[in-house]
Amino acid sequence: MIYDKILTIYSLLPGRSPAVRKLKAVSQHFYCERTVYASRFYAGKQAGQKLVRMVSMPRSVFDAPIEADQYCTLEDGHVYRIDQAQREQDADGLDINTLSLAEPEGKYELFQN
């Protein structure tokens, strides 16, 4: 696989109401696009989630863990909620994270320092 695009992982900061919660950048990674197959799409649909994208990225022992309650932006600029983060190996034996991405429930501002 060729990891030639960059994604940014965000954590949702706490706030008193959903309108004031903001996203804070945690890390950036190279990624490649994957296909959301029908079985995964319909499994997400049964759980009430609309999985729209799937990406893979190399994993290092120095990387912070990626959790299912985080968010990310891809090169298209849209914000996606990480529905599932799986640790596995690709065909070349490289340790990777595979992220299933869904549309977020609401709009969030990007927190910048």
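For the 3.5 Å distance criterion, the side chains of Y3 and D90 qualify, holding a donor opposite an acceptor.
For D4, the salt bridge (charged side-chain N to carboxylate O under 4.0 Å, His left out) criterion is met by no residue, not counting sequence neighbours. With sequence neighbours excluded, the residues satisfying side chain to side chain donor-acceptor pair (under 3.5 Å) with S56 are R34, T98.
The pair R53-D83 fails the salt-bridge criterion, with no side-chain N (NZ, NE, NH1 or NH2) lying under 4.0 Å from an Asp/Glu carboxylate O.
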Determine, step by step, whether T8 and Y10 satisfy the side-chain contact (heavy atoms from CB on, under 4.5 Å) criterion, reporting the C-alpha distance in whole Å, the side-chain angles of both residues, the deciding distance to 0.1 Å, and the verdict. CA-CA 7 Å; T8 305; Y10 297 91; 3.6 Å; yes
Could you walk me through whether I66 and I82 pass side-chain contact (heavy atoms from CB on, under 4.5 Å), step by step? CA-CA 9 Å; I66 297 173; I82 299 173; 3.7 Å; yes
Stepwise side-chain contact (heavy atoms from CB on, under 4.5 Å) test for C72 and L101: CA-CA 8 Å; C72 75; L101 306 176; 3.7 Å; yes
One pair to check against side-chain contact (heavy atoms from CB on, under 4.5 Å): Y31 and L74. What are the steps and the verdict? CA-CA 9 Å; Y31 77 95; L74 303 180; 3.5 Å; yes
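Here CZ of R81 is found 10.0 Å from CG of D69. Values are rounded to the nearest 0.5 Å. A distance of 7.5 Å separates CD of Q86 from CE of M54, quoted to the nearest 0.5 Å. Once rounded to the nearest 0.5 Å, the distance linking NE2 of H29 with CZ of R59 reads 11.5 Å. Atoms OG and CG, from S60 and D95 in turn, are 9.0 Å apart once rounded to the nearest 0.5 Å. For the atom pair I9 CD1 and L7 CG, the distance stands at 5.0 Å (nearest 0.5 Å).
When atom types are taken as modelled, the side chain of D92 and the backbone of L94 share no donor-acceptor pair closer than 3.5 angstrom.
Y80 places none of its side-chain heavy atoms less than 4.5 Å from the side chain of T73. Side chains of E88 and I96 form a contact here, defined as non-hydrogen atoms less than 4.5 Å apart. The shortest distance between side-chain heavy atoms of F30 and K5 does not fall below 4.5 Å.
The nearest pair of heavy atoms linking Q70 to P65 is OE1-O, 4.0 Å. Residues E75 and I6 share a closest heavy-atom pair of OE2-N, 3.4 Å.
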